[in-house]
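Source: prediction; values computed, not measured.
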Amino acid sequence: MITVKAPGKLYIAGEYAVVETGQPAVIVALNQFVTVRVEPAHGMGRIQSKQYQENSLIWRRQGDEMVFDNRDNPFHYILSAIHLTEAYASEQGKPLRLFNLYVDSDLDSADGRKFGLGSSAAVTVGTVKALLQFYDLALSQEQIYKLSAIAHLDIQGNGSLGDIAASVFGGWIAYRSFDREWLRAQRNLVSLSELLTMPWPGLDIELLTPPQSLRLLIGWTGSPASTSHLVDQIKAATSRSQAQYKQFLRRSRAVVEKLVQGFRDGNLAVIKQQISRNRFLLQQLSQFSHVHIETMKLSSLCDLAIQAGGAAKTSGAGGGDCGIVILDRTVDADALIAQWHKIGVQHLPLNVHLIQPPVVPRLREARSFCQQEKRSRFPCIFSEKYGRALAYLL
């Protein structure tokens, strides 16, 4: 039995803008997981989940046809991940086999409601990683990201795929999305194996280290929201307000870049300031698009956090789900959590999930290592913050 865990995520900043090529966002992986198990099967394979049930379908009328929307059904992401991973396995000369695949998720509440932690991305990544092990295929984190991103994009059709990056790399990341039109064109020109080794235009992933004084607090409104449907609404609305949308993109880029620099400098004050500015930009986007991003409960969650000395905003597409708060560790978080409880907001006591990168122990070797990897067109990040050299191959 092969067992793989993939973490959930929350967006910290850059929502909506990040769906555009090269636009930045900050995302964090959390210690709440989708677990995927795979074992050989004989005669007939099975895909089974404790949480995911094919018991409802969303559809609309297109002329006389019923058109189904499968984007919020995790089984379709599992099937897409299986299809793409087995396509890659076939290209590598691996004979395809029968298997049983079992999925268990911590990313939903006890009554089945979504926390908004990216369950579709986590189940995609978990399925891809488990099947790569099953077929004895070794891929880098970057290649796992690319394979999972293609599988996810085939179902969702929109979004930035930043949640895939968080689930693959873990920790705090700065993320810029790739050119999806380029990807669609390349899929008709090159093999899947070639596509996983090519540089993707616009894609950039950087691991961030938060200041030691930073505390992340997460509040859940209890109202699930559909990211794909909200992104659809924003896309339709902003197509009619191009000038305002372009201004939103410029301002979002500036805010997130300053936020990322705040992480690099270990400056909590800058991080909090840019979180607050990002909230204001999302409120402006909501006003001119007429899409309800910050619900009343999310507004109350944020306002109470600001009164307690934190910086707060909606996370992800909004419309429900979670709000995030950045606090100094000296602030009494228990008092804020008690206030949230009174207005029906549940504190999610989650921590950041780190996936350890390879370590190059000597400074000179690390610098040479990074330079070589940059020349070979693989992004590499070099840090001397703690007196040792860390090289991250993404």
Side-chain angles (χ1 to χ4, degrees), residues 9-18 23-28 30 116 160 162 172-175 208-221 225 230 234 244-245 247-289 291-333 335-337 339-340 343 345 347-348 350 352:
K9 64 84 187 90
L10 279 178
Y11 272 85
I12 301 300
E15 296 92 338
Y16 287 108
V18 73
Q23 284 283 339
V26 173
I27 316 165
V28 66
L30 301 169
S160 70
W172 297 81
I173 65 169
Y175 172 82
L208 302 174
T209 301
Q212 290 186 350
S213 58
L214 183 151
R215 178 171 183 178
L216 173 65
L217 213 62
I218 304 163
W220 180 52
T221 64
L230 285 163
I234 288 289
Q244 289 173 296
Y245 183 55
Q247 184 180 58
F248 165 74
L249 293 179
R250 287 194 298 272
R251 290 178 175 175
S252 180
R253 180 191 295 271
V255 162
V256 177
E257 287 177 349
K258 290 177 182 176
L259 175 65
V260 171
Q261 192 59 49
F263 274 88
R264 293 172 183 153
D265 296 339
N267 192 324
L268 181 58
V270 168
I271 292 171
K272 289 172 62 179
Q273 182 184 60
Q274 301 312 314
I275 291 292
S276 298
R277 288 179 176 174
N278 197 196
R279 181 193 183 193
F280 176 69
L281 290 179
L282 290 172
Q283 289 171 333
Q284 287 186 320
L285 175 65
S286 180
Q287 288 173 4
F288 74 76
S289 68
V291 175
H292 201 39
I293 296 173
E294 188 174 299
T295 64
M296 288 183 63
K297 193 171 283 189
L298 282 169
S299 292
S300 298
L301 179 160
C302 293
D303 292 343
L304 287 171
I306 292 167
Q307 292 171 20
K313 58 181 286 295
T314 55
S315 176
D321 286 338
C322 294
I324 58 102
V325 182
I326 301 296
L327 283 172
D328 191 298
R329 289 192 179 276
T330 59
V331 172
D332 181 10
L336 174 58
I337 292 169
Q339 289 180 308
W340 278 354
I343 62 169
V345 170
H347 170 235
L348 299 183
L350 305 179
V352 177

If you look at every heavy atom in [X] and [Y], which pair is closest and at what distance?
| X | Y | value |
| --- | --- | --- |
| Ile293 | Ala317 | CG2-O, 3.7 Å |
| Ile275 | Ala312 | CG2-N, 4.0 Å |
| Leu298 | Gly319 | CD1-N, 4.2 Å |
| His347 | Ile337 | ND1-CD1, 3.5 Å |
| Ser300 | Ile343 | CB-CD1, 3.6 Å |
| Tyr11 | Ser315 | O-OG, 2.7 Å |

About how many Å separate [atom2] of [Y] and [atom1] of [X], when rounded to the nearest 0.5 Å?
| X | Y | atom1 | atom2 | answer |
| --- | --- | --- | --- | --- |
| Cys302 | Gln307 | SG | CD | 11.5 Å |
| Trp340 | Ile218 | CH2 | CD1 | 8.5 Å |
| Asn278 | Lys258 | CG | NZ | 12.5 Å |
| Arg215 | Thr330 | CZ | OG1 | 11.0 Å |
| Leu281 | Arg253 | CG | CZ | 13.5 Å |
| Asp328 | Leu268 | CG | CG | 5.5 Å |

Quick check against the 3.5 Å criterion: does [X] have a side-chain atom that pairs as donor or acceptor with the backbone of [Y]?
| X | Y | value |
| --- | --- | --- |
| Trp172 | Val26 | no |
| Lys272 | Gly309 | yes |
| Arg329 | Leu214 | yes |

Just checking, any donor-acceptor pair under 3.5 angstrom between side chains of Tyr16 and Ser289? no
Is the shortest side-chain heavy-atom distance between [X] and [Y] below 4.5 Å?
| X | Y | value |
| --- | --- | --- |
| Leu216 | Ile12 | yes |
| Cys322 | Leu348 | yes |
| Leu304 | Val345 | no |
| Gln284 | Arg251 | yes |
| Asp265 | Val270 | no |
| Val255 | Phe280 | no |
| Ile306 | Arg279 | yes |
| Pro211 | Ile271 | yes |

Name all residues meeting the salt bridge (charged side-chain N to carboxylate O under 4.0 Å, His left out) criterion together with Lys313; count only those two or more places apart in sequence or in a different chain, and write none if there are none. Glu15
Show your reasoning for whether side-chain hydrogen bond (donor to acceptor under 3.5 Å, both in side chains) applies to Gln261 and Arg264. CA-CA 5 Å; Gln261 192 59 49; Arg264 293 172 183 153; 3.1 Å; yes
Would Leu282 and Glu294 count as a side-chain contact (heavy atoms from CB on, under 4.5 Å) if you check the C-alpha gap in whole Å, the side-chain angles of each, and the deciding distance to 0.1 Å? CA-CA 8 Å; Leu282 290 172; Glu294 188 174 299; over 6 Å; no
Mutual orientation of the aromatic rings belonging to Phe248 and Phe288 [parallel < 30°, tilted 30-60°, perpendicular > 60°]: perpendicular
Does Asp321 come within less than 4.0 Å of Lys9, counting only side-chain N to carboxylate O? no
